[in-house]
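Take a look at the structure below.
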There are 2 protein chains.
Amino acid sequence: MTASSTKASPPAARRRRKNNPESVRADILAVATREFSEKGLSGARIDEIAEKTQASKRMIYYYFNDKETLYLHTLEAAYQKVRLQEAELDLDHLAPLEALSRLVRFTFCHHAKNPDFIRLVMIENIHHGRFLAQSELIQSLNAGVIDVLSNVYSRGVEEGCFREGLDPRELHWLISALSFFNVSNQHTFSRIFDWHQAAPENQQKLEDHVTDMVLRYVRPD
Amino acid sequence: MTASSTKASPPAARRRRKNNPESVRADILAVATREFSEKGLSGARIDEIAEKTQASKRMIYYYFNDKETLYLHTLEAAYQKVRLQEAELDLDHLAPLEALSRLVRFTFCHHAKNPDFIRLVMIENIHHGRFLAQSELIQSLNAGVIDVLSNVYSRGVEEGCFREGLDPRELHWLISALSFFNVSNQHTFSRIFDWHQAAPENQQKLEDHVTDMVLRYVRPD
DNA sequence: GACTGAACGTACCATTTCGTACATTGTTGA
DNA sequence: TCAACAATGTACGAAATGGTACGTTCAGTC
């Protein structure tokens, strides 16, 4: 309308179509992540995802076959991203107590900074984990998580700063529970108890309490 | 078709319509609770709720104005039911340590036995607690919950079996987090770590750990 | 028994929503 | 250069879905 008109303007702002499969795919996935995590599988709309994308609806069905497959890929991508971040954590050179403390704080903060991921997991639980069950990828990704904690814990037991008899898997469960709940139930909890849970000072307090709680739980005596 | 035919059979299995507003309303609410908690606000279908009801779809719109209002009433009813159950708990005659232990175990078991309620709260959080915010009923219902815990805690501090300086609201947060997560993330956690979390023996273990964790957290030293 | 408003059933409508048919353009290798 | 396939745009279809119009029956009142 404004500048170059029909089709004889080759190089300029003509915006000729340019095939770029990977970026289109990534774009769709990014938008889908936002939409699904915000509205759930049934609440999200393919048309709306398409609109918010550079691509068209056709492309969604071209790269992902249907809504559920798109959702599954969204879930997988989210888990992959998480594992990548977790991999950066290097605890082996730290003393057990320091390492555990670092791990708890990392988990707490990580969840707090990635509400999209938390919400996807919530949504997946609403669906009874039926999509996660289909994904071998996610299953394999999560195998190593316990190992890290297990390693720290057994070192701590050896050095006498952790008490014996705890199951690393259950320890992980406790840490996850506290960190997860902080994001998943923030809205209802804040409203019911009239407490601005998301406020930085309250987040800091909760992080401290959670860390404190875990450390008190594992210490001898 | 089979027995009495047209309209001249008054008393028998003719199944004459019988007005019963309260029971119809309750029926709708019960079915809606199951459907919403299972599939979420957007996932649940009015037609399906109607089918599973003794009543017709028309009745849903007659008693509840639209889908969202029905959902809100479902949520309110769920919270009311919970508070009724909680009210049965009488802790004042127990020693602080015993009282707190009892409270934690009660919360843990209660959540485990009421997955519908937990799922509704999850769903409500997906919606940013926007419906809960509309309900003065729920707000008022939850006011007293902290008081019970607060009472137990301050008695414990006086008697020297709890350490000072803890905020009852935050203590409640910790107990809720552990009890809630046990239900909310059961599916993903079980699948990822190949661990049948719902199995009675594992539930018992978790209940013990959670209780233990809270008690260790509050004890002096 | 007539009357009235509440309680209820049936059929239907308008829109949304997932998905696809079909045509078109870009890209790559022989 | 040109075939062949990958990538993309446009328009549309069929079913699902929230909600309503309209009529009928029940139950209490005069």
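FYI, side chains are in, hydrogens and waters are out, and symmetry mates aren't considered; it's all heavy atoms of this structure. Throughout, protein chains are lettered first and strands after them, A, B, ... in sequence-line order, and every chain is numbered starting at 1. These numbers come from a predicted model, not from an experiment.
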Rounded distance in Å - [atom1] ([X]) to [atom2] ([N]):
| X | N | atom1 | atom2 | result |
| --- | --- | --- | --- | --- |
| A:I28 | D:dG9 | CD1 | C1' | 13 Å |
| B:D47 | C:dC13 | CG | C1' | 13 Å |
| A:D27 | D:dT8 | CG | C1' | 14 Å |
| A:E51 | D:dG9 | CD | P | 14 Å |
| A:F64 | D:dT8 | CZ | P | 12 Å |
| A:I60 | D:dA7 | CD1 | P | 16 Å |
| B:Y61 | C:dC12 | OH | C1' | 14 Å |
| B:L70 | D:dG19 | CG | C1' | 13 Å |

Residue [X], side-chain heavy atoms: nucleotide from [options] that is nearest:
| X | options | result |
| --- | --- | --- |
| B:K67 | D:dG18, C:dT17, D:dA7 | D:dG18 |
| A:Y62 | C:dT10, D:dA6, C:dA6 | D:dA6 |
| A:V24 | C:dC8, C:dC18, D:dT8 | D:dT8 |
| A:D66 | C:dG19, D:dT8, C:dT17 | C:dG19 |

| Distance, nearest 0.5 Å, that separates OG of A:S190 from NE2 of A:H196 |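 Answer for the OG-NE2 pair, A:S190 versus A:H196, is 7.0 Å.
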| said: Does B:R25, at its CZ atom, have more than 12 non-hydrogen atoms belonging to other residues, nucleotides or ligands within less than 6.0 Å? | reply: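 Check passes, neighbour count above 12.
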| request: Tell me what A:Y63 touches on the nucleic acid: a base, only sugar-phosphate, or nothing, going by heavy atoms under 4.0 Å. | output: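 Sugar-phosphate contact only.
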| query | With sugar-phosphate meaning primed atoms plus P, OP1 and OP2, does B:A44 contact a base, only sugar-phosphate, or nothing at under 4.0 Å between heavy atoms? | reply |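 Result for B:A44 = sugar-phosphate.
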| said: If the cut-off is 4.0 Å, is B:R58 near the phosphate of C:dC8, judged by side-chain N/O to OP1 or OP2? | reply: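 False: B:R58 side-chain N/O out of range (4.0 Å or more) of C:dC8 OP1/OP2.
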| B:F117 and B:Y79: aromatic ring centres closer than 6.0 Å? |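 When the ring centroids of B:F117 and B:Y79 are compared, they turn out to be within the sub-6.0 Å range.
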| query | Salt bridge check: are A:D116 and A:R34 linked by an N-O gap of less than 4.0 Å? | reply |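 Here A:D116 does not pair with A:R34 in a salt bridge, since their nearest N and O are not under 4.0 Å apart.
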| message | Does A:K57 contact D:dG9 through a side-chain donor or acceptor facing the base, at a distance under 3.5 Å? | response |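 No pair found.
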| task | Verify, without hydrogens or angle tests, whether A:D212 (side chain) and A:D208 (backbone) share a donor-acceptor contact under 3.5 angstrom. | result |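 Between the backbone of A:D208 and the side chain of A:D212 there is no qualifying donor-acceptor contact (under 3.5 Å).
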